[in-house]
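As structure tokens, the structure follows; a few thoughts come after it.
For the single chain, residues carry numbers from 1 onward in sequence order.
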Amino acid sequence: MLASAGVVLDVEFMDSKRFTDESSVDHFESYLRYKLARLPAYDVVITSDDNALAFVMERHGGLLGKSPVVFCGVNNVGLARSLSGSETYTGVIEAVSMHETIKLVWSLKPSTQTLYVISDVMPAGKADLETFHDVVRGIASVRYQELSLENMGWEELGRRLQRVGANDAILLLSAYKDQRGVVRNFEEGLAFILQNTRSPVYHLWEHGMGKGLLGGKLISHYEQGRLAADMALKILAGASPASLPVIEGNDANAYLFDYEVLRRHGISTHRIPQGSRVINEPESIWRDYWRELLVAVAFVAVLCVLVVVLLKHVLRLREARTEIKRSETRYRLVFDQSPLGLVQYDGDGIIIDVNERFAELCGASRGQIIGFNYINQMHDARMLGAVLASLRGGIGGFEGVYTSPLGKKTAFIRCLFKGVKAPAGDVFIGIGIIEDVSDRKQAEEALRERELFLLETQRIAKIGGWKANIRTDYLFWSEEVNRILDLPEDYKPGLAEWLTSFMPEYLPRIRAMLEDVLHHGGTADIECEAMTRLGRRKWTHLRAVGRVDEGSGALVVGTFQDVDERKRTELELVEAKTKAVAANRAKDEFLANMSHEIRTPLNGIFGMLRMLADASLAPRQQELAEMAMRSCRRLADLLTDVLDISRIDAGKLEIVSIPFDLSRSIRQVRELFIPSAMQAGVSLHVHIDAAIPSRVVGDASRLQQVLTNLLGNAFKFTEKGSVTLRAEHLSPVLANSCRVLFSVEDTGCGIPDEKHGKLFTPFTQACEGFKRSHQGAGLGLSICRRIIRVMGGHLAFESEAGTGTTVYFTLNFGLPDGDEVQPEAAAASSAEPIPPLRVLVTEDDAVTRRYITYQLDRDGHTVAVAEDGRQALEQLSTGDFDMVLMDIQMPVMDGAEAILRIRKGEAGSRNTDIPVIALTAYALSGDRERLLQIGADDYVAKPAEVAQLHAAIARHVSRMQLRRADA
């Protein structure tokens, strides 16, 4: 096209698809500079792809001077469109028909399952992939996968293509360069793809057709070049690039298919779009008889020339009529398809034509409306006035609710009427434009209602909105802020004035918050006190929720809420909580003191009774002493129960998890009740399921406490018959665990139905009032259920008055690892005989001191006594002892301080590790742990049973023997 116009062409080939590195571009630029330095400047430059256009734009001034540039084959649509109107650049966009080609995949072969999209690292490939993503989001139910050479090499692409099924399809966007930089030209890449797949391959460009591609709606490089050449010729003729808008390239695309590929994939040519071009079709009649057909065509052509000559005059007349008809068609198309109602009327106000939208607004047909006389038949004075204004040559307008006199349809409309006269002045046409604005009015009304609702919501919640410019002191707030600060509704201060309403101690934090949100965004808030106009201090919640940019600059927006009532309630709650904590602490101190004050004399009573029972007494006297000791034990158990209730209520009951022998623990409880069973004449049965593991992990002492309480109740209320304890294995609910169902069944008096609801209430018994058939404080079952809940179990019972009671509970136990220490084995060593020891007893209570001394003397130990901690330190410093029994609450120096000083070496360096057993009436939760933490080795609570004291001493025998060996 350019050559035929006499234009001298100079073609330079960058070959940027194969040579993508910067050095190749530099070599090309050097060569071009060398060449252009010896040639006159180009009159026009044509670039044929994105890389060429980018090369020219980056170097235009220094390389090509002021030569205008015409581009084609450019895929960067945004860049190309931005150049429209440029004084230097114009051209043709190479726009792929992505949407049509994707739809074509399923149109040609509905059984297609997945579309595989091939792209690479080249800029054009990435741009096409982005276009694909944009298009595919607008197409429903497209299933696709990406095969990008940006993430794989050629070999991996080949393996992936070999797995693509025959019912899949491939869309080739770009395949020149893989992730390792290996480059192939288009033909090599296409051959590689076709070699590794049996699926149809679609493309978006004409090049490659006839080499195995199925086709698609393709970009025609010929058409791109033709359009670019036409623009270049116009520039050479004197046109400016700015006067030649950039041409959208999609119109140059066409459907093109390869017949052989269609046939190979079983696709009929009847499925391809009408007007498509097909290559490689089989031989046709034209190919076989072209000479004969050529003669026939020549004959027909002669006849056609004769017909043309004869009909030339007729055709000219028809062209004129056609142009008139075309103009009428355009007019009717605009008139009928207008989204606004259009009406035409003559100088007498009679309607001569309307469109469908006008008829719809009137609620009548076109036939009913045409002929309507505005002047004689219009009853709405405002509408008639607008029409008359147009008949007088002006413009009439109407807006409001209108009911058509023809269709009786009512709507909120806006009308504009205008009269138009022909140049000769003998023809008048009135034109009316009508728009239904009902939806807009409803939206405005809904918006107004929402605004009112928002204002009412703010008033109810006592929360207002604000926005402020920190730099200009601009401040806007809603009316609710005025109400919160007791200000007049029309009063709107600046930011600085508003800040003065806050108490001074909050201002630095408020200003810092506003600055932080202004510069960094995000949200921040502060609760602070503000002073209202009426002088009231009020708690408010100031919140900055972000920043917005407006014409006046960056603004901070937020909310301002009246939280005075809630804040004062919180402060009252905090004060109430502080008082409750103090009361709870006073209760704990009271229980600790009462425990100490009760256990100390109780320990003396029990000790004296124990000493009396060990003396040679008559049988009757021995019986009385035993009865008195049982009463002491009962009192000690009651005190323990009260303390347990306190621990559980405070959430301080400690549950340990250590391995133990479950069967042995149950047998120990059984042995404890054998004497009671024999004395009461009641049978005691124990059944342990053989499926229960011999060793489990849990709290053996708490389990025995529960079983002891339940068996004690059973014997208490059973005068004859039996008491049965069962342990049955249940299916575990947790991995590596064991679930056991325990039950204690008796044949006693049972529990009346009316007492079931109060059974687990502390200090409540089945028998109340002055007539009680059984002793007890009513704490046993309540403690049992609470302990079982803390251990993660559940307790239930069934009972019938006169028949008996059965109490059930379940517990989950862990299963020990094979290498865990066996506590029972360690405890067994405590049963070994205790050798004579030198023991220092530190106790301020003379009765308790005498009882402990008596028991130790009886066991063969050498005993020294001290009445307070200071005496104990002095005796340890001068004497030689194996063990110390230390009371805690004593005059002069208490036991806790004495233990700390012993561990520091103030009683001699040889005594820093001497075993110290705390012998104390403190038995609340945490007492044992505190004493062990300050340095005590063991802990025995008063009143001290002989067995407990012996067990504590035995646990430290080996340590004392090592001390003697070292000495």
Can you tell if the side chain of Leu703 reaches within under 4.5 Å of the side chain of Asp699, non-hydrogen atoms only? no
Looking only at heavy atoms, the pair that brings Ile914 and Met883 closest together is CD1-N, 3.9 Å
Taking the side chain as C-beta and beyond, is there a heavy-atom pair between Val790 and Arg702 under 4.5 Å? no
Would you say the side-chain atoms of Asp882 pair up with the backbone N or O of Arg838, donor to acceptor, closer than 3.5 Å? yes
Exactly one of Ile688, Leu741, Ile692 should register a side-chain contact (heavy atoms from CB on, under 4.5 Å) with His729. Which one does? Ile692
Residues, nucleotides or ligands: over 12 heavy atoms within 6.0 Å of Arg670 CZ: no
Heavy-atom side-chain contact between Asp844 and Pro891 under 4.5 Å: yes
Are side-chain heavy atoms of Pro836 and Thr862 found at a separation under 4.5 Å? no
State the CG-NE2 distance between Asn812 and His794, to the nearest 0.5 angstrom. 8.5 Å
With heavy-atom distances below 4.5 Å as the criterion, would you say the side chains of Ile834 and His861 are in contact? yes
Is there a side-chain contact (heavy atoms from CB on, under 4.5 Å) between Leu949 and Ile852? Walk through the geometry before answering. CA-CA 9 Å; Leu949 188 58; Ile852 298 300; 4.2 Å; yes
Closest non-hydrogen atom pair, Gly721 against Val682: O-CG1, 3.6 Å
Can you confirm whether Gln871 sits close enough to Asp868 that some side-chain heavy atom of one is under 4.5 Å from a side-chain heavy atom of the other? yes
Can you check side-chain contact (heavy atoms from CB on, under 4.5 Å) on Leu684 and Phe715, steps first, answer last? CA-CA 9 Å; Leu684 173 60; Phe715 278 106; 4.0 Å; yes
Flag for Ser799-Thr805: side-chain donor and acceptor within less than 3.5 Å: yes
Closest heavy-atom pair, Thr724 versus His687, reported as atoms and distance to 0.1 Å, is CG2-CD2, 3.7 Å
Can any side-chain N or O of Gln704 pair as donor or acceptor with the backbone N or O of Val669 at less than 3.5 Å? no
Could you report the tightest heavy-atom contact between Thr718 and Asp746, atom names first, then the distance? OG1-CB, 3.3 Å
Distance (rounded to the nearest 0.5 Å) between Thr842 OG1 and Met890 CE: 6.0 Å
Could you tell me whether the side chains of His956 and Asp937 share a donor-acceptor contact shorter than 3.5 Å? no
Check the angle between the aromatic planes of Phe813 and Phe742 and answer parallel, tilted or perpendicular using the 30° and 60° thresholds. perpendicular
Do side-chain atoms of Ser909 reach the backbone of Gly905 as a donor and acceptor pair under 3.5 angstrom? no
What distance do Leu840 atom CG and Asp880 atom CG have between them, rounded to the nearest 0.5 Å? 11.5 Å
Distance from Asp845 atom CG to Gln889 atom CD, nearest 0.5 Å? 11.0 Å
Is there a donor-acceptor pair closer than 3.5 Å between any side-chain N or O of Ser663 and the backbone N or O of Ser694? no
d(Arg739 CZ, Leu811 CG) to nearest 0.5 Å is 11.0 Å
Any salt bridge linking Arg849 with Glu843? Criterion: basic side-chain nitrogen under 4.0 Å from a carboxylate oxygen. no
What pair of heavy atoms forms the shortest contact from Leu837 to Ile953, and how long is it? CD1-CG2, 3.7 Å
Testing the basics here: between Ser665 and Phe660, what is the closest heavy-atom pair and its distance to 0.1 Å? OG-CD1, 3.3 Å
Roughly how far, to the nearest 0.5 Å, is CG of Leu710 from CZ of Phe797? 12.0 Å
Quick one, Arg858 with Gln855, criterion side-chain contact (heavy atoms from CB on, under 4.5 Å). Give me CA distance, side-chain angles, the key distance, then yes/no. CA-CA 5 Å; Arg858 186 180 175 194; Gln855 288 295 343; 4.2 Å; yes
For the pair Glu575 and Lys579, evaluate salt bridge (Lys or Arg N to Asp or Glu O under 4.0 Å) and give the outcome as yes or no after the intermediate values. CA-CA 6 Å; Glu575 183 179 359; Lys579 292 179 179 179; 3.7 Å; yes
Given 3.5 Å as the limit, does a donor-acceptor pair link the side chain of Asp689 with the main chain of Ala691, or not? yes
Any side-chain to backbone donor/acceptor pair from Thr878 onto Glu874? Under 3.5 Å, distance only. yes
Using the side-chain contact (heavy atoms from CB on, under 4.5 Å) rule, take Glu798 and Tyr808 through it: C-alpha gap first, then chi angles, then the decisive distance, then the call. CA-CA 8 Å; Glu798 58 182 2; Tyr808 306 91; 2.6 Å; yes
State, yes or no, whether a side-chain contact exists between Phe717 and Val723 at a heavy-atom distance under 4.5 Å. no
